[in-house]
Structure formats: C-alpha cells, structure tokens
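Just so it is clear, the model here is predicted, and its values are computed rather than measured. In what follows, chains carry the letters A, B, and so on, assigned in the order in which the sequence lines appear, proteins first and then strands, with residues in each chain numbered from 1.
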Amino acid sequence: MELILIPILSGLIAAWAGKWSRWIALLGSIITGVLVVTLWSQFDPTKGFQFIFDKPWFSSAIHFKTGIDGIGLLLLLLINFLTPVILLSAFGKDKQSLVFALIVAMQGALNGVFLALDGLMFYIFWELALIPIYFIAGMWGEGDRFKTTIRFFIYTFIGSLGLLASLLYLYSKTPDPSSFSWEALVAVKLSVKEAIAVGAGLLLAFAVKIPILPFHGWQPKTYVEAPSFGSMLLSGIMLKMGLYGLIRWFMPLVPEALSFYNPIIVTLGIAGVIYGAYIAIRKKDLKGIVAYSSLSHVGLIAAGIATLSFTGLQGGLLQMLSHGVNAVGLFFAIDIIERRLHTRTLNQLGGIAKVAPLFSVLFIILVFGATAVPFTNGFPGELLLLKSIFSFHAWQGIIAGLTIILCAVYMLRLFQFSMFGKANNDQLTSFGALQWHEALGMMVLVLFVVFFGLFPQTLLDISGPSIQQLQQVIEQSKEVLS
Amino acid sequence: MNTDSIFSSLDISHYIYLSSVLFCIGLFGVLTRRNAIVLLMCIELMLNAVNLLFVAFSSYMGDSAGQLFVFFIMVVAAAEAAVGLAIIVMIYRNVRSTDVGLFDKLKG
Amino acid sequence: MKSLLIIFLGAIAVLFFGIKRPERKSLPIALLVLIAALVFIPLDWIAFIHKHVPDWQIKYVPTNMLSWDTPALAFSGVLILAAIFVLGLFSKNKLHGADLLGLMLFSVCGGLLMTSFSNLIMLFLGIECLSIPLYVLAGSRKSDLGSNEAAVKYFLLGSFSTAVFLLGCAFIYGGTGSLDLDSLARATNMLGHMGIKSQLVMAGLLILMVGMFFKIAAFPFHFWSPDVYDGSPNRATVFMATVVKIAAFAAFFRLFHYAFNDIKGWWAMTIAVVSAATILFGNIAALRQQSMKRTLAYSSVAHAGYMLMAILASPFDGFWALLVYLVAYAFSSLSIFFLLDRTSNGNEGFSFDNFNGFGRTNKFGSLVLVIGLFSMAGIPLTAGFAGKFGLFNSIIGTYPWLLVIALLGSAISIAYYFKVFKNAFFGGEQQGTKLELNLMDTVMLGLAVLVILTVGIWPTVITGLQIIPAP
Amino acid sequence: MLSALIFGLPIGFLVFSFITILCALYVVTNDNPVFSVLALILTFFSISAHYVMLNAQFLAVVNLIVYAGAIMVLFLFVLMLLNLSKENEPKVKYGWHFAAVFAAGMLLIILAASLHKSSEQIMRNPAQDIGMVKSLGKVLFTDYLVPFELSGILFLAAMVGAVLLGKRDKNNETEAGDSSNNPS
C-alpha cells in the first residue's frame with residue numbers, strides 16, 4: 001500500500017514544488033526503495049504470497065488486494081532500484097518539475113502492477129503506468145513525437161482493452177459471490193475454446209507490452225524518439241510488465257490453452273531474437289541499436305518463460321532483472337555521450353575512450369553485461385534460458401543460441417565505433433569528466449552488473465520456491481480439466 | 001348519431017389502418033417537403049393520426065385514459081406550434097425564406 | 001416532488017425579477033433555487049426509505065402520476081447538480097437574460113418529470129416540457145444563422161420524434177389497455193408468461209424505441225445532433241449534452257425496466273445492435289472532425305451508445321452503471337466544454353487550435369483538461385472508467401460481442417481525445433490563451449474534478465447508497 | 001349503401017375516412033402552403049367527425065376549437081404575414097420523392113403486416129359515456145390533476161419562449177434587411 005502511495009504522493013508534491021521537485025522526487029523514490037529492502041529482509045521465500053493487504057474497493061467483489069511472492073519481490077527490487085538511478089540520470093539538466101513528478105508517479109503505478117493480486121486492480125495500474133510515459137514521450141520527445149506517442153498509446157491501449165475484456169469474462173465465470181481476486185480467477189475452469197479466446201485477449205496486452213514480434217510496431221520509434229529517461233523507463237521497467245503479466249496472469253489463468261499458445265510464443269520470441277539482432281547490426285543510431293537489442297533480448301526471455309520449465313522461468317526472471325539494469329545503463333551512457341557531443345550516430349563518434357577513461361570503463365562493463373560475458377549479470381540468465389529452450393525443442397534452442405554471437409557483434413560494434421578509433425567529432429575535446437550524479441548512477445548500475453554476475457544465486461533463491469508453487473498451480477488446473 | 005352500430009359493425013383494425021395511413025402520409029410529407037411551415041403541418045397531421053388511434057382504442061376498450069392522453073397531446077401541440085412558428089418567423093427575418101434546405105451551413 | 005415545486009416557483013420568481021432588475025441579478029436567484037431543490041433530494045430519499053411520505057403529498061398528489069422512488073431521486077439529483085454547474089460555469093456569456101434562465105429552470109422541471117414519471121402521459125409531458133424551452137435556447141442567438149439552424153432542426157426533429165414516440169405509445173396502449181407503468185408491467189408480465197406475441201405491443205415497442213433513439217441520438221437517428229450541438233450557443237449545447245442526456249436516459253431506463261422488463265426478449269436484441277452501431281459510428285465519425293465542438297458532439301453520440309448498454313443489463317446492475325456513467329459523462333463534458341468555451345475568443349472557431357500551448361500557460365486548466373479527457377476516454381481512476389467498467393460488467397455475461405465492439409470503440413476514441421493533448425502539451429514552446437477564472441469558476445471546476453476523481457477512485461460513494469429495488 | 005354491402009362497413013366511416021385521406025394527401029402534395037392549411041383544417045373536421053362516431057364528443061369539440069380554430073389559424077396568420085406563396089416554395093429532387101414514398105410505404109406495409117390479426121386482442125367494452133364532457137372532466141380533475149396542472153408549466157414556458165424569440169432586442173445587432181417586412 002505505502003509502496004504505491006508514497007511515490008504517487010511525492011510525485012504530486014513534486015509537480016508543484018518547482019525548484020525542489022527533483023529532491024522531493026528522489027527522496028520519495030529512495031524511501032520506497034528502502035521500504036522494499038525491508039520487505040526483502042522480512043521475506044520468507046518458502047511461503048506463498050506475503051504481506052497481504054486486502055480491503056474492499058470498487059464493490060464487494062473488487063478488492064484492493066496486494067501481496068508479494070518471490071517473483072513479485074524481485075521485480076519490485078528492480079523497479080525501486082532503477083527509478084532513483086533514472087531520476088539521477090535526469091538530474092543535471094534544467095528539467096521541468098513535471099519530469100520528476102511523472103517518473104516517481106510511474107514508480108508508484110508500477111509497484112501497483114507488481115503488487116496487485118486483484119484482476120481489476122492489476123488492470124487499473126497497468127493503464128496508469130502508461131500515462132506518465134505517454135506524457136514523457138510526448139512532451140520531451142523529439143522528431144514526430146505526437147505520431148509516435150499516439151501510436152504507442154493506441155497499440156498498448158488496445159492491448160490492455162483485450163486484457164480488460166478477458167478479465168471481465170473470467171470474472172463473469174467466477175462462482176457466486178463473484179470475485180476478481182487472483183485465486184478466484186485462477187480457479188475458473190474454461191473449455192479449451194474459451195481459454196484460447198480469453199488467452200488471446202490477455203496475450204494481446206502482454207505481447208504488445210513485451211513486445212513480441214508482430215506487435216512490436218510501436219517500440220523502436222518510441223525508444224528512439226523518447227527522451228533518454230523515457231527510454232530508460234520504457235526498456236528498464238515497462239517491458240517487464242508484459243513479461244511479468246505473462247508469468248503471473250497469462251499462464252495460471254488460461255492453463256487450458258497453454259499447449260496451444262506456448263509453441264507460438266516460443267517461435268515468435270525466437271523470431272524476435274533474430275529479427276531484432278539483425279536490425280541492430282545494421283543500425284547507425286546508438287539508441288536504435290539498443291532499442292532493437294531490447295527487442296532481441298525480450299524475445300529470448302519470452303521464449304524461455306513460455307517453455308514453462310523451472311530453468312526457463314528462473315532464467316527469464318534473472319534475465320529480466322539484468323536486462324533492465326543493462327538497458328538502463330546503456331541508455332544512460334548514450335545520454336551522457338549525446339549530451340556532450342550532440343549526436344549519437346555511430347560514424348560521427350569515436351575516440352571517446354581517450355578523453356574519458358572512467359566513463360569508458362563503466363561503459364564497457366555494461367556492454368559486457370548486455371553481451372552476457374561470463375561473470376557479468378547477463379550470463380547466468382541467458383544460459384538458463386538457452387538451456388530451457390534447447391530442451392523444449394532442440395532446433396529452436398540452436399537458433400536461439402545464435403543470439404550470443406549476434407549480440408556480441410552489435411554490442412562490440414557499438415562500443416568500438418563510439419569509444420575507440422578515429423575521433424570524428426570536433427567537440428570531443430570538451431567531453432570533460434562525469435558529473436557527480438552521472439557517475440553515481442553509472443557506478444551503482446555497474447556494481448549491480450558485477451555483483452550479480454558473480455552471485456546470481458542470491459536472486460535465484462528468492463524466486464525459486466515461488467516459481468515452483470506457480471508451476472504447481474498451473475499443473476493442477478491443467479489436470480482438473482483433463 | 002347511431003353509435004352502437006359503429007362498435008358492432010366496425011372492427012378496430014379499420015381504425016388502426018386508417019391512422020397508419022394518415023401517419024404515413026404525414027411521414028411522407030416530412031420527408032419530401034422543405035418549407036418549414038409545411039413540415040410543421042405534416043407533423044401536426046402525424047399527431048392527429050396518433051390522436052385518432054388513441055381515441056379509437058379508448059372508445060373500444062371503454063377506458064378514458066386514452067382520451068385524456070389525446071387531450072394532453074392537443075394541449076402540447078398548441079404550445080409546440082406556437083414556439084415552432086416563433087422560430088420560423090425568427091429565421092424568416094434573417095434569411096427571408098423558410099426553406100430548410102438552405103440550412104446546410106453546418107456540415108461535417 | 002418538493003424539488004419540482006421549488007424549481008417551478010423559482011422559475012417564475014426569476015422571470016419576475018428579470019422584469020426590472022439588471023440581468024446579472026437573476027443568476028444568483030436561479031442558482032439558489034436549484035441548490036434548494038438539490039437539498040431536498042437527500043431528504044426525500046431518507047423519507048422514502050423510511051416510508052415517511054408526508055401527508056400533504058399523499059393528499060394533494062392524488063394519483064400515481066409521479067413516483068419519487070429512489071432511482072428517480074438519484075437521477076433527479078444528478079440532473080439538478082448538472083444544471084447547477086451549467087448555470088454556474090457558463091454565466092459569462094452575454095446571453096444571461098432572466099428569461100433564458102427561467103426557461104432553463106422550466107426545462108429542468110421537465111427533466112425531473114422524465115426521471116420520476118409513472119405514467120406515459122407524464123413522460124410525454126416531461127419530454128415536451130424539457131424540449132420546448134430548449135428549442136428556444138438553441139435559437140437564442142437570434143441573428144446567428146448557425147443558431148437559427150440549430151433551433152429549427154432541433155425543433156422539427158424533436159416534434160417529429162415526439163410524434164413517432166406517441167404512435168408507439170398508442171399501439172402499446174392498444175395492446176395492453178393501460179398507460180400506467182404498474183399496469184403496463186402487469187400486462188407485459190402476463191404476455192411474457194403466457195408466451196403471447198401481441199403484435200400491437202411489438203409494433204408499439206419498436207416504434208417507441210425509434211422515437212427514443214431519435215431523442216437520445218442513437219446511430220441511424222443521430223444525424224440531427226451534431227448540427228444542433230454545433231450551432232447552438234455553448235450554454236445550450238452543454239445543457240443538451242448533460243441535463244437532456246441525463247433525463248432522456250433516466251426516462252428510457254425507467255420505461256423499459258419498469259414496464260417492459262418481462263418481455264425483454266422482444267426488444268433486447270434491437271437495443272444491443274443499435275448500441276453497437278452507435279458506438280462504432282459515433283467514434284469513427286468523431287475521428288474525422290476538424291472542429292472540436294463537432295468532435296465532442298459525435299463523441300456524445302458514441303457515449304449514448306455506451307449508455308444504451310445499461311438498458312440491456314439487469315435492472316440493478318444497469319441502474320448503478322448508468323448512474324455512475326451519467327455522473328462521469330456529465331462532469332467531464334462540463335469541464336471540457338467550459339475550457340473550450342473560454343479558450344475560444346468570441347463565438348467562432350472551436351477548433352483544436354484553441355488549445356495550442358495551453359499546458360504551458362495554465363496549470364490548473366491543464367489539470368482539468370487532462371482529468372476531463374481521461375474521464376471521457378475511460379482511463380482508470382477517473383469516473384469515466386468506473387462508469388464504463390460498470391456497464392461492461394453488467395453485460396459481459398449476456399452480450400460478449402457487444403463488449404468487444406465497445407472496447408474497440410474506446411480504443412478509437414483515444415485517438416481523437418488525445419488529439420487535444422497534442423495541441424495543449426506537445427506543441428513546442430508557444431504560449432496559449434490564458435484562462436481568466438474568477439472564484440466561482442475555480443471552485444466549480446475544482447468540484448467537478450473532485451467529483452470525477454472521487455467517483456473514479458472510489459465508486460462506492462455512489463454505488464454504496466441504499467436504494468429500494470426497482471419494482 | 002353499395003359500399004356498405006361490399007365492405008360491410010358503415011357509410012359514415014367510409015365517407016369520412018375518404019375525406020380524411022384525400023385531404024391529408026392534398027396537404028402534403030400541394031405546392032401552395034395556404035391551400036395546405038385549408039385542406040388540413042378540412043382533415044381535422046373529418047377527424048372530429050370520426051371522434052363523434054367513436055363517442056368522444058368532448059375531444060371532437062376540443063379538436064375543432066384547438067386545432068382547427070387556434071393552431072391552424074395561427075399557421076394561416078404566419079403564412080400571410082410572411083407572404084409565402086407558391087412562387088417561393090422550395091422544390092426538391094425527384095429521386096428524393098421516390099425515396100420518401102418508399103420509406104413511408106415500407107412503414108405502412110410493416111405496420112399493416114404486423115397488425116394483420118391484432119384486432120382480436122382488443123376487448124370490446126364500449127362504455128357509452130366516457131367521452132362525454134362530464135365524465136372526462138371528472139377524471140381530468142381528480143386522477144389527472146397533476147398532468148393538467150403541469151401542462152400549465154408547459155404553456156408558461158412556451159409563452160415565454162415564443163415571446164423571447166419574437167421580440168426584437170433593444171441593443172440589437174443589425175438584422176439583415178429588416179425594413180420592409182414587419183413580423184409580429
């Protein structure tokens with residue numbers, strides 16, 4: 001409860017606070033982060049949902065019900081860790097107070113998404129999370145931002161309407177007294193046909209958000225044209241909403257249709273891996289590269305989750321975290337470059353490593369993380385994912401394995417052309433040192449990359465039991481039907 | 001007036017048909033005419049068709065509610081006609097015509 | 001009952017005051033009258049629940065022509081509230097003669113009759129009492145051709161649809177022998193239970209529905225409404241968009257749920273199809289408009305389509321959903337129309353350009369704009385979402401296909417509602433029109449936003465009220 | 001007599017129905033609005049005759065007084081005032097006529113088809129005196145008192161409205177060419 005309220009309130013205050021708004025926003029967001037950490041310390045992975053808060057809300061059937069298990073906790077950690085960093089990244093410029101307000105408000109809405117245990121509440125926060133980013137992309141974006149943002153909004157809005165329709169349908173099927181709670185919705189039995197229809201609605205919402213291949217139309221342009229902190233929010237956090245939805249809501253709600261949908265998701269996910277990587281290799285715009293690399297990464301994660309195996313789910317979760325960190329880090333670095341050199345096209349850059357050694361060291365660690373070099377955070381997750389896909393279907397596993405090579409190609413190309421080589425930019429000499437908030441933000445991210453590359457087990461331990469419970473739930477509802 | 005013979009020798013359906021025909025004539029007028037005053041007259045014709053129907057039902061069923069309804073319809077028709085004619089006069093002052101076809105300024 | 005009397009007497013008082021006093025003086029009187037009437041709504045409500053209907057009312061209101069049951073009171077309350085906001089927010093126009101105010105109060109009287117009738121005669125009188133002053137209001141800018149056109153179109157279509165409505169009533173009267181809601185309900189109950197297909201009643205229902213569709217501007221019969229909305233003076237437009245819509249839907253709901261609920265199979269499908277068509281058409285047509293006023297007019301057509309769903313739902317669910325939706329729709333329309341009215345310099349030009357750079361100049365104004373549009377579009381935590389959710393929830397079990405169409409319509413509507421944001425917030429550094437709000441405007445807008453948010457975040461403030469279930 | 005033999009219908013009904021429909025057709029097809037008004041008055045007279053046959057004497061009289069007497073004279077008055085005659089009667093396209101005939105005809109056919117056998121449902125219970133002034137008046141001032149009084153509101157509103165529209169504003173915007181004609 002307070003996890004949702006504090007950020008939103010501090011956002012509201014920050015919107016009117018003028019000069020002090022950045023500090024208020026940062027404070028609110030850090031307090032929330034601390035709260036999450038205390039939750040973590042009291043958290044017992046072996047139990048199911050914990051810290052449940054349950055009050056009637058819209059009507060007697062619709063509750064304000066929050067609670068976390070290991071999966072939710074991991075993602076909460078991610079958000080509340082990343083949001084202060086994103087705030088830091090936006091700190092230096094003469095931004096309007098609204099920027100900070102919207103970012104923390106978004107944190108609150110996202111906390112709501114990951115905490116929600118009530119269908120309608122989930123939907124509401126799902127929608128709410130869309131609004132700050134819409135305004136961020138619209139007000140401070142570049143290029144033809146209205147077209148891009150409205151396309152982004154309509155894509156995702158149509159998706160979420162599918163979600164609403166499916167939830168409503170499930171709700172109408174719950175036994176009297178009907179309820180929107182997660183357990184009640186999971187308990188609903190559907191025929192396979194119904195399940196496929198309902199699943200289509202849910203999947204529409206999640207696939208657009210993730211995005212899985214044919215629904216990715218909004219993504220690259222939005223990433224490129226949004227301001228940097230907007231791109232960070234989108235890639236670091238928003239994508240995880242879709243993946244989380246897949247795990248928490250799609251799989252348990254329509255287990256009857258999983259044998260129909262899972263191969264499709266795996267195939268589309270792998271197609272996304274290859275497609276994203278291919279485009280990323282050909283792109284010249286730094287942000288474009290990272291945008292398409294995101295497409296590639298989430299494709300792999302979605303495929304891994306859809307295998308429904310323990311390794312796949314674990315790997316997916318782990319990779320969600322590390323992709324969040326890496327993507328935010330990369331956008332952060334690009335933002336730093338762009339702010340100084342006013343360009344982010346590959347062949348206008350180069351030679352930065354000479355003038356900014358600290359920056360380039362931090363940058364390369366992030367690049368390593370994204371490329372899944374051993375002992376960085378990307379590695380264990382990717383390994384688990386590939387393993388699960390391989391055991392799901394050998395050929396698909398092999399194709400998915402290409403990602404390692406492709407990823408290395410575009411990431412190293414990105415790094416090499418921008419940091420080494422000839423200096424093609426006359427402003428390079430004035431690159432200067434990192435400002436304090438930039439350095440702080442990047443350091444924190446890099447620490448995370450290294451630490452969880454070395455000790456991924458800390459994270460896996462949190463989510464492991466919850467994932468097993470989830471698998472049981474899915475298995476049970478499958479069995480009852482057959 | 002030999003009223004008994006009407007009820008015994010005439011079926012209610014004849015009145016239904018009669019007023020339906022009247023109503024449709026009025027409707028036809030509304031659709032074809034463009035002079036606002038004539039349109040208003042056609043609407044009055046439709047209202048009268050309804051009145052006739054109400055009176056017929058009311059008399060055949062021996063229930064006074066229908067006739068009272070007719071009374072109120074007449075009352076309201078008078079009020080409506082007054083306002084309608086005022087509107088038409090107002091428009092005539094501005095455009096020197098009562099042709100509703102001229103009013104296509106607002107289109108979308 | 002008391003509210004009706006108060007407003008009627010108040011209207012006469014306003015007219016008398018208007019003879020001598022400067023015009024500005026009559027507005028506070030009108031507002032006071034409405035507020036006094038509003039106060040009596042909860043009092044009557046409590047009295048009704050505890051069966052304390054006063055003696056004089058039984059004595060002097062002899063028959064069951066009007067029945068002030070709780071649903072009627074609820075709709076009446078919303079209606080009077082909307083009327084207060086219309087008068088309060090749109091008083092800066094030059095047209096605030098006492099006569100116009102008096103007419104508006106008369107019109108509100110008609111609306112109250114429509115929410116509480118229990119006899120078709122009263123419904124008819126209510127409709128007329130609501131519309132006749134409105135014909136005049138629509139044409140109250142006498143030398144403006146657009147206003148003239150609006151008046152004549154509204155008048156002709158209004159009286160035409162009344163004729164159609166009356167034909168329907170006549171057939172139903174012929175088929176059932178009654179005009180009273182209770183006896184109609186008994187008659188249709190008998191028909192429904194015995195499985196008799198009365199052609200008279202069926203034809204009557206169909207014609208009656210067509211008449212009502214004209215009144216609420218549902219799809220095949222909507223064509224008059226954009227022109228009328230566009231041409232009328234802003235105050236009249238808002239009055240039509242809020243008070244008239246509330247009254248019309250309250251009447252529609254009351255009529256069909258009280259009288260024809262037992263023969264639902266005869267009319268439900270027609271309404272479902274019309275609802276779907278209205279939603280789709282209204283939204284698609286709104287997408288193509290250049291003028292913002294016309295866009296809002298078409299969007300109100302689409303909203304009518306959504307509200308038709310309430311007629312399909314079960315009485316209880318449908319009632320709450322409709323009530324919440326009406327509140328949401330009325331208040332968001334009020335705030336958006338207000339901003340549109342104030343940003344347009346003079347009378348012309350209600351384009352989206354009015355809002356260029358609006359967000360950079362007006363902090364409070366842009367908050368109102370965002371909340372109002374979100375509520376119109378049905379974004380969560382605004383009243384619009386609560387209303388839409390209630391409606392969707394009430395029909396999901398019976399008409400899943402309608403739900404899909406309605407959701408599609410919502411998605412389309414985003415495109416044109418958010419067009420305003422492009423002008424208001426995404427438009428570079430230019431400065432927009434500065435709103436000049438006096439104290440009353442600020443308070444009223446603030447209240448409207450507060451209502452939208454409160455109902456959106458916590459709809460049980462409305463749906464938690466105790467009602468006596470519809471008979 | 002012949003018709004009575006053929007259709008088995010009373011001669012009064014036939015004659016007056018014939019007049020009603022003929023006059024109604026004349027109203028909608030005639031180009032000159034003044035003649036339309038006169039024909040409409042005739043229609044109302046014949047409808048009043050129907051009322052008398054149906055035992056609704058009170059309404060027959062009210063119909064004559066209110067419709068034929070008041071409303072139609074109002075129409076006539078306005079027509080004369082605005083000096084509308086045949087020459088400035090707007091014309092519409094031929095195709096539109098066809099569409100209108102089609103629409104109205106369809107409605108008629110649907111009505112006729114749906115009401116084909118409906119008359120059996122009406123129970124025949126003709127009470128002799130319900131249409132008389134005495135009995136109607138009694139009901140009107142007891143059971144139907146509320147609507148009767150409310151129609152007073154309606155009239156007041158209509159009156160105010162009509163005056164509002166009819167009167168000319170003092171501090172007026174210049175109205176287009178208002179010198180020659182002086183309505184109201």
Exercise for review: Tell me, for A/Ile150 versus chain C, whether the close heavy atoms (under 4.5 Å) come from the side chain, the backbone, both or neither.
Suggested key: side chain

Revision key, fill the gap. Cut-off 4.5 Å, heavy atoms of chain A, and the answer for C/Leu407 is both

Point to revise | Interface moiety of C/Ala386 toward chain A, non-hydrogen atoms closer than 4.5 Å | key: both

Point to revise | A/Glu183 atom CD: more than 12 heavy-atom contacts under 6.0 Å | key: yes

Check your understanding: From A/Lys147 NZ over to C/Lys422 NZ, what is the distance, rounded to the nearest 0.5 angstrom?
Key -> 9.0 Å

Practice item. Would you mind checking which part of A/Ser160 comes under 4.5 Å of any heavy atom in chain C, side chain (CB onward), backbone (N, CA, C, O), both or neither? Key: neither

Point to revise | Audit row: C/Phe385, A/Ile124, side-chain contact (heavy atoms from CB on, under 4.5 Å) steps and yes/no | key: CA-CA 9 Å; C/Phe385 174 74; A/Ile124 286 177; 3.8 Å; yes

Exercise for review: Tell me, for A/Leu120 versus chain C, whether the close heavy atoms (under 4.5 Å) come from the side chain, the backbone, both or neither.
Suggested key: side chain

Review point. Parallel, tilted or perpendicular: which describes the rings of A/Phe135 and C/Phe425, with under 30° parallel and over 60° perpendicular?
Key: perpendicular

Point to revise | Nearest heavy-atom neighbours spanning A/Leu128 and C/Pro380 | key: CD2-O, 3.9 Å

**Study point:** Steps toward ring pair (Phe, Tyr, Trp, His ring centres under 6.0 Å) verdict (C/Phe392, A/Tyr169)
**Key:** CA-CA 10 Å; C/Phe392 294 166; A/Tyr169 188 79; over 10 Å; no

Review point. In terms of heavy-atom proximity below 4.5 Å to chain C, should A/Phe180 be classed as side chain, backbone, both, or neither?
Key: side chain

Exercise for review: Considering only heavy atoms and a distance below 4.5 Å, find which of A/Gly162, A/Gly201, A/Ala165 pairs most often with chain C.
Suggested key: A/Ala165

Point to revise | A/Lys287, NZ: over 12 other non-hydrogen atoms inside 6.0 angstrom | key: yes

Practice item. Quick one: closest heavy-atom pair of C/Ser410 and A/Leu161, and the distance? Key: CB-CD1, 4.0 Å

Point to revise | Interface moiety of A/Tyr134 toward chain C, non-hydrogen atoms closer than 4.5 Å | key: both

Review point. Chain A heavy atoms under 4.5 Å from C/Val404: which part of the residue, side chain, backbone, both or neither?
Key: neither

Review point. Less than 4.5 Å apart, any side-chain heavy atom of A/Ile131 and any of C/Phe374?
Key: yes

Practice item. Taking the side chain as every heavy atom from C-beta outward, state whether C/Ile379 and A/Phe157 have any atom pair closer than 4.5 Å. Key: yes

Review point. CG/C/Leu408 to CD1/A/Ile158 distance, rounded to the nearest 0.5 angstrom?
Key: 7.0 Å

Point to revise | Side chain, backbone, both or neither of A/Leu168 within contact of chain C (heavy atoms, under 4.5 Å) | key: both

